[in-house]
There are 2 protein chains.
Amino acid sequence: MARRARGTSAGLDRERIAVAAVALVDRDGLERFGVRRLAEELGVDPMSLYHHVKGKAALLDVISEAVLAEVVAVPEGAPHDWEGVARRTAHSYRDMAYRHPRVFPLLVTRAQTSPVALAALERLVSAMRAAGLPDRVAADAPMVLFGFLNGHLLACTGSGPEGPAPVPEFDPDAYPGMAALASRWAGFGSVAEFDRMLGIVLDGIRGQAPRPA
Amino acid sequence: MARRARGTSAGLDRERIAVAAVALVDRDGLERFGVRRLAEELGVDPMSLYHHVKGKAALLDVISEAVLAEVVAVPEGAPHDWEGVARRTAHSYRDMAYRHPRVFPLLVTRAQTSPVALAALERLVSAMRAAGLPDRVAADAPMVLFGFLNGHLLACTGSGPEGPAPVPEFDPDAYPGMAALASRWAGFGSVAEFDRMLGIVLDGIRGQAPRPA
DNA sequence: TCTCGAAACCTACGTCGTAGGTTTCACTGA
DNA sequence: TCAGTGAAACCTACGACGTAGGTTTCGAGA
């Protein structure tokens, strides 16, 4: 690998690093990601990265931020009913998870306090309050929703070494109930399945609102 | 560190290794866990562990299995209504997560196909079918439930370097809705909160059943 | 032209997972 | 009683990792 002379610019900056880092994790997975590999990918000495990012942990932060920014904001003109906002956000979040299945575990593990994440939450919460939902429900709902989204998408996108494990066979003697349902789990990870489950969660939230007489 | 002579037994076996490994992760966290550290903890040469466990990945499997086995089975004599089964299982799962917050991320990341996990699922599924819930609901419900459990508990137990991040301050100008709800998030991670959210999820599932006329 | 900071590179250290080889013990059957 | 044997431990060594600390070079401002 031909290296640059010592003082010449390599044109590094956070943006270029972020893009390369995400691509590297997408390709090789989190396990194989590291400072040295990223540097080689960029044609650069490992230590040069430290002028732009503090270290490996900070690199992971950069990656998760970059990927989270892909979750599209709900368009301003769209209807403001809270269920619509929740559905749109959830699907956009899911799309991102499927685009970057090997990055996704990183998001789930860190507390999300970036402006993008907070803005999405704020839109959901204010839509719920505008619809007259009690504060307790508006407070619980996003945690239930994102709890479900994170857990479920983690399972669907595999998050292990590589892709999601196929649904196992069930011994009908030991597990009669699961064997009977096995065929229903064939489309594991489909949009239809996701939307159905999302519906269950949203139903649960809607049910918390006091019934209008 | 005084080492044993070369041929003498160190009394190693999978059980002893599992116990020490779980304790080590509980104490130092997943990041710091490694073959060499575990060996030192056991007063043993690192390579000796390879006679009982294939390598680091297999060690992590051993850890997650040991911890999952702590989730108590729902007692046989207990009522068989599916909501009771679900609630008990969920709470027992939560207790385990809080007992081993630093191990928990390991569980979420791997597909759970151990007998313990399958047995718990089977109990839930068969209780739902016995109650007359449609197969589609019985198939979706466990995925929604464990999706929520995994995602939510991951957030609550912190799963990062150490404990859960405290709830951040919200700028009332940028995020009016969330600022208004901030006080409701004070008891983040409490049993009461967990039980409330669990109730929301179970409500959603119950709502899928066809209404008895 | 001289200076100086930014940005790159280089060296080196301690740690990691683990392949491959060596040593010793307990148990066997003759 | 004693060589033979296999299990279980230990030892050595290698390549890859994250990163502290130091050195070199370029280009912009004085």
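Side chains included, hydrogens not; waters and symmetry mates left out as well; all remaining heavy atoms used.
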Checklist entry - So, B:Glu122 side chain and B:Leu118 main chain: donor-acceptor pair closer than 3.5 Å or not? => result no
Could you tell me which residues satisfy salt bridge (charged side-chain N to carboxylate O under 4.0 Å, His left out) with [X], sequence neighbours excluded, listed by chain and number?
X	value
B:Asp26	none
A:Arg27	A:Glu41
A:Asp195	A:Arg87
A:Arg94	none

Just how far, in rounded Å, is [atom2] of [N] from [atom1] of [X]?
X	N	atom1	atom2	result
B:Arg16	D:dA8	CZ	P	14 Å
B:His51	C:dT18	NE2	P	14 Å
B:Leu59	C:dC16	CG	C1'	14 Å
B:Leu42	D:dA8	CG	P	16 Å
A:Glu31	C:dC16	CD	P	17 Å
B:Leu24	C:dC16	CG	P	11 Å
A:Asp45	D:dG21	CG	P	17 Å

Checklist entry - Tell me, do B:Leu30 and B:Leu106 make a side-chain contact under 4.5 Å, heavy atoms counted? => result yes
Next on the checklist: For a 4.5 angstrom cut-off between non-hydrogen side-chain atoms, does B:Gln208 reach B:Ile205?
Outcome noted: no
Checklist entry - Does B:His52 place a side-chain N or O at less than 4.0 Å from the phosphate oxygens OP1/OP2 of D:dA9? => result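 Answer is yes, contact under 4.0 Å.
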Checklist entry - So among B:Arg110, B:Lys54, B:Lys56, which one has a salt bridge (Lys or Arg N to Asp or Glu O under 4.0 Å) with B:Asp61? => result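 With B:Asp61 as partner, B:Arg110, B:Lys54, B:Lys56 yield a single salt bridge (Lys or Arg N to Asp or Glu O under 4.0 Å), made by B:Arg110.
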Item to check | Five-pair end axes of the helix from C:dT1-D:dA30 to C:dA30-D:dT1 and the angle they enclose, rounded to 10° | outcome: 10°
Checklist entry - Once each nucleotide of nucleotides 14-19 of chain D is scored for protein heavy atoms under 4.0 Å, what B/S/- sequence comes out, 5' to 3'? => result ---BBB
Checklist entry - Would you call the rings of B:Phe148 and B:Phe194 parallel, tilted or perpendicular, where under 30° means parallel and over 60° means perpendicular? => result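 Geometry flag for B:Phe194 against B:Phe148: parallel rings.
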